[in-house]
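Report on the following structure.
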Amino acid sequence: MSLLDYLKRSNKKSSAAVAKERLQIILAHEHAANNKTPDYLPTLQRELLEVVRKYAKIDVDDVKVTLGREGDCEIIELNISLPEQK
Amino acid sequence: MKEIRLSKVIVVTSGKGGVGKTTTSASVATGLAMLGHKTVVIDFDVGLRNLDLIMGCERRVVYDFVNVINEEASLKQALIKDKAHDQLFILPASQTRDKDAFTKEGVGRVMNELRDSFDYIVCDSPAGIEKGAIMALYYADEALVVTNPEVSSVRDSDRILGILAAKSKRAEDGVEPIKEHLVITRYAPARVESGEMLSLEDIQELLGINLIGVIPESESVLQASNAGVPVIRDDTSISGQAYQDLIARFLGEEKPMRFLDVEKRGILKRIFGA
């Protein structure tokens with residue numbers, strides 16, 4: 001790299017640095033898309049809500065379905081808050 | 001009792017086209033054979049046969065891989081023995097059929113037969129992520145992921161790594177995953193130093209796999225393909241030497257990466273540029 005090149009470039013980021021940054025973002029995005037939550041989760045949540053509603057008065061927000069991961073195991077966590085007994 | 005060989009299937013893959021898969025396949029297979037390992041290199045690019053040209057045996061192709069899968073020819077009839085190394089054989093792709101000729105069963109049967117008589121089976125994958133590429137990697141034990149220091153090549157290599165981890169036989173069987181190695185080709189240290197090319201550290205960090213070789217950009221690669229002699233046979237070429245180092249590392253030797261230094265220039269050139 002010549003001194004002139006250096007002076008010309010010194011105030012802006014190198015194109016390789018830009019390339020790396022763009023790749024870091026797109027690869028992270030694509031990895032996340034590949035590990036996305038299965039598409040049956042919203043349906044599962046709705047159906048669970050319907051079943052529980054037969055027995056207790058609950059709101060949409062009272063059923064929570066989340067997907068987690070522990071090592072090699074995928075874990076579906078169901079959290080249903082029942083109304084307080086009167 | 002039959003002697004059991006511990007043969008290894010190596011896929012040379014990249015996702016993107018034109019990054020040096022066939023050049024790498026030809027040099028890796030030749031390099032292994034030069035060290036006395038009985039090796040076969042298979043062209044999986046049905047319809048776009050090219051490995052035969054790079055290996056310099058295009059005029060000796062009679063039968064091809066698809067003929068063997070369809071049992072129209074025996075392996076013995078289809079394998080072409082390399083002129084320079086008697087431990088090296090080439091199984092060419094079909095130029096007329098299409099990739100639907102590949103079935104897991106058909107390719108698996110040929111692989112098993114090859115495993116009986118070869119130490120290394122090098123699979124030269126076509127570009128893309130379609131059937132030909134999937135078949136080339138399906139039976140692999142190890143993978144050489146060929147990547148250029150360029151954004152689209154790095155992204156496609158990342159995609160291929162995902163496929164190696166999900167769609168190979170090893171993944172389906174739930175056994176030890178394919179061992180992945182990074183091969184960076186067309187590397188230009190001077191351009192890396194001036195900040196206009198991704199460095200090998202950048203690429204390793206992005207892809208997260210072990211680097212096994214850096215092949216510098218060199219005129220000798222084109223000259224080798226012009227002549228039909230794998231570049232690894234050119235001892236005077238830095239690319240050839242870099243492939244020889246790669247083979248040594250593949251076989252377990254410790255070797256530092258070479259040809260990464262920028263040529264020193266005079267003081268005037270340094271100030272005013274070339």
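Hydrogens, waters and symmetry mates are skipped; everything else that's a heavy atom, side chains included, is used. Remember, predicted model here, so these are calculated numbers, not experimental data. So that the names make sense, note that chain A is the first sequence line, chain B the second, and so on, each numbered from 1.
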With a cut-off of 3.5 Å and sequence neighbours excluded, list every side-chain donor-acceptor pair involving residues 21-29 of chain B.
unit_1, atom_1, unit_2, atom_2, d
K21(B), NZ, S14(B), OG, 2.9
K21(B), NZ, K16(B), O, 2.9
T22(B), OG1, D124(B), OD2, 2.9
T24(B), OG1, G20(B), O, 2.7
T24(B), OG1, Y243(B), OH, 2.7
S25(B), OG, K21(B), O, 2.9
S25(B), OG, D124(B), OD1, 3.1
S27(B), OG, I232(B), N, 3.2

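At a threshold of 4.5 Å between non-hydrogen side-chain atoms, the residues V107(B) and F44(B) count as touching.
Ion pairing between E254(B) and R249(B) fails under the 4.0 Å rule for side-chain N and carboxylate O. One finds a salt bridge joining E172(B) and K104(B) here, because a Lys/Arg side-chain nitrogen approaches an Asp/Glu carboxylate oxygen to under 4.0 Å.
With chain B as the partner, the residue from A19(A), A16(A), A28(A) showing the most heavy-atom pairs under 4.5 Å is A16(A).
Under 3.5 Å, the side chains of S199(B) and D202(B) contain a donor-acceptor pair of N or O atoms.
Among residues 44-52 of chain A, no residue has any heavy atom closer than 4.5 Å to a heavy atom of chain B.
With a threshold of 4.5 angstrom between heavy atoms, L23(A) approaches chain B through its backbone and through its side chain.
Every salt bridge (Lys or Arg N to Asp or Glu O under 4.0 Å) that E196(B) has, sequence neighbours left out, goes to R191(B).
For residues 133-155 of chain B, every residue pair satisfying the salt bridge (charged side-chain N to carboxylate O under 4.0 Å, His left out) rule, not counting sequence neighbours, is listed here: E30(A)-R155(B), K8(B)-E142(B), R115(B)-D141(B), D141(B)-R170(B).
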